[in-house]
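Residue numbering restarts at 1 for every chain, and letters A, B, ... go by the order of the sequence lines. Hydrogens, waters and symmetry mates are skipped; everything else that's a heavy atom, side chains included, is used.
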Protein chains: 2
Amino acid sequence: MRQAEFDRQQVLRSAMTAFLAKGYSKTSMQDLTKATGLHPGSIYCAFENKRGLLLASLEQYRLDRNSEFEQFFDADNKAIINLKHYLDFIVSQCLSCDTNQACLLTKALNEIAEQDEEVQQVICSHLTTWQQAIAAQIALAQSQGDISPSKDTEHLGRYIVMGIYGLRTFAHTHPKACELEQLADQLLKDICANR
Amino acid sequence: MRQAEFDRQQVLRSAMTAFLAKGYSKTSMQDLTKATGLHPGSIYCAFENKRGLLLASLEQYRLDRNSEFEQFFDADNKAIINLKHYLDFIVSQCLSCDTNQACLLTKALNEIAEQDEEVQQVICSHLTTWQQAIAAQIALAQSQGDISPSKDTEHLGRYIVMGIYGLRTFAHTHPKACELEQLADQLLKDICANR
DNA sequence: AACTTACTTGAATGATCATTCAAGTACTTT
DNA sequence: AAAGTACTTGAATGATCATTCAAGTAAGTT
C-alpha cells in the first residue's frame with residue numbers, strides 16, 4: 001500500500017474556501033484543482049466527484065465548527081456570558097469582508113436547498129445538532145438564573161438560531177457595524193427578558 | 001415601428017420563477033427560453049443577456065412586492081394588526097414547498113453577494129427601501145400606542161427585517177409549522193414589549 | 001402595392017464545464 | 001533488487017453553456 005500524498009484536512013479546508021468564495025455551482029473543477037493543489041484525477045479518486053468533495057468539505061466544516069463551539073463554551077464563565085461572546089464573534093464574522101468567514105452550511109443550504117435532497121439532509125442534520133448545542137447552553141443559563149426557567153428552552157434555541165441566520169443575511173446588505181451589534185444585543189436581551 | 005409580440009411583465013415573472021427554482025447560475029438560457037417562451041435572440045434583443053434578464057426580473061419583482069406590501073398596509077386596521085397579518089403571510093410562504101414563494105432578493109443576494117457589485121447594489125437598495133417601509137409602519141404603530149414611542153423606530157425595523165431573513169433561512173431546515181409560527185409571534189412580541 | 005423597419009427564429013459558434021483514463025511514478029513487499 | 005500495487009498526472013472527451021447572426025416574417029409607411 002502507498003499513502004496518499006496530500007493532507008486531507010488541508011485539501012478540504014481549501015475546498016471550503018473555494019466553495020465559500022464562489023458558491024458551489026460557480027466553483028469549477030479548475031478552481032478546485034488550483035485551490036487544493038490536487039489534479040483532477042486525484043480529486044475524483046479521493047472524493048468521487050465535485051459533489052463528493054462538497055459533502056466531504058461539509059463534514060470537515062462540521063468538525064471545525066464543533067471544536068470552535070466547544071472553545072467558546074468550555075470556558076469557566078457563566079453560560080450567558082459565553083453566549084454573548086459567541087454572538088459577538090458571529091457579528092465580527094458578519095462584518096468581515098472575508099468570504100471565508102461566512103457559514104458554509106447556510107450558504108450551501110440557500111443555494112442547493114431544493115435541488116439535492118441528500119446534501120440538504122446532511123446540512124439540516126448539522127444545523128439541527130448545532131441548534132441543540134445552543135439550546136443546551138440556554139438550559140444551562142436557565143439553571144444559573146440568567147434566563148427564566150419557565151421559558152421553553154427549545155423555542156429559545158430556535159429563536160437564537162433564527163436570529164443568527166438573520167444577522168448573516170442582514171450583513172450582506174452592508175449595515176453599519178453598530179447596527180449589527182445592536183441587533184445581536186437585542187436578540188440576547190429578548191432571550192433573557194423576564195416575561 | 002413594430003411592437004414586440006411578448007408581454008414583458010409575463011416574461012419577467014416567468015424568468016423570476018425560473019431563477020427562484022434553480023438559482024441564477026444553474027438556470028440555463030435553455031431553461032429561460034422554455035420558461036419565457038422567447039427564443040434566445042429575442043431575449044438578447046430585449047435584455048442584452050442573461051444578467052440583464054436577471055436585473056429586469058429583479059425590478060419587476062420589486063414592483064410586484066411593492067404592490068403586495070401596499071395591499072397589506074392599506075387596510076383600515078391598526079398598523080400592528082397589519083404587521084401581524086404580513087408576518088403570518090411570510091410564514092405561510094416559508095412553509096410552502098413552492099420555490100416561487102421564496103424571496104428573489106435574498107436568494108440572489110446570498111448567491112451573487114460578492115460576485116457582482118452592480119447586482120448587489122440593486123438588491124440592497126430594494127431591501128433597504130422595504131426596510132424603511134416596515135419602519136414607517138412601526139412608527140405608525142408607535143403613534144397608535146401599540147409600540148412604545150421611546151423605542152428607536154429604525155432599530156425595530158432592522159430587527160423585524162433580520163427576523164424575516166432568519167425565518168426564511170430557518171424554514172429551509174424544515175421545522176414544524178407551529179415552531180415557525182411561534183418564532184414569528186415571538187418576534188412581534190419582542191418588538192411590542194414594554195422595556 | 002412596394003418599401004422600410006424592426007422583431008422573430010433557431011441553428012451555429014466557441015468557450016467552459018465535469019469527468020475519464022492511460023501513462024508515469026513512488027512506495028511496499030518479497 | 002525485482003515485482004506488485006496504488007497514487008499522481010494532465011491531456012483528451014463529450015456535454016452543456018451563453019451568445020451570435022443571417023435568414024425569415026410581419027407591421028408600419030409611402
- Heavy-atom pair of closest approach, residues A184(B) and V91(B):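 Residues A184(B) and V91(B), closest heavy atoms: CB-CG2, 3.5 Å.
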- Using the test ring-ring contact (aromatic ring centres under 6.0 Å, His included), find all partners of F19(A) that sit at least two apart in sequence or belong to another chain. Y24(A)
- Item | Letter per nucleotide, 5' to 3', of nucleotides 14-19 of chain D [B base touched, S only sugar-phosphate touched, - untouched; heavy atoms, 4.0 Å] | ---SSB
- Item | Q186(B) and D190(B) side chains, donor-acceptor separation under 3.5 Å |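 Side chains of D190(B) and Q186(B): pair found under 3.5 Å.
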- Message: Is a donor from one side chain sitting under 3.5 angstrom from an acceptor on the other, for Q60(B) and D64(B)?
- Response: yes
- Item | Residue-phosphate contact under 4.0 Å: H39(B) side-chain N/O, dG10(C) OP1/OP2 |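 Yes, H39(B) has a side-chain N/O under 4.0 Å of OP1/OP2 on dG10(C).
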Donor-acceptor pairs under 3.5 Å, side chain of residues 127-135 of chain B to any protein atom, not counting sequence neighbours: which ones?
unit_1: T128(B); atom_1: OG1; unit_2: C124(B); atom_2: O; d: 2.7
unit_1: T129(B); atom_1: OG1; unit_2: S125(B); atom_2: O; d: 2.9
unit_1: W130(B); atom_1: NE1; unit_2: Y86(B); atom_2: OH; d: 2.9

- Considering heavy-atom distances to DNA chain C, does G37(B) or S42(A) have its closest nucleotide positioned more toward the 5' end? G37(B)
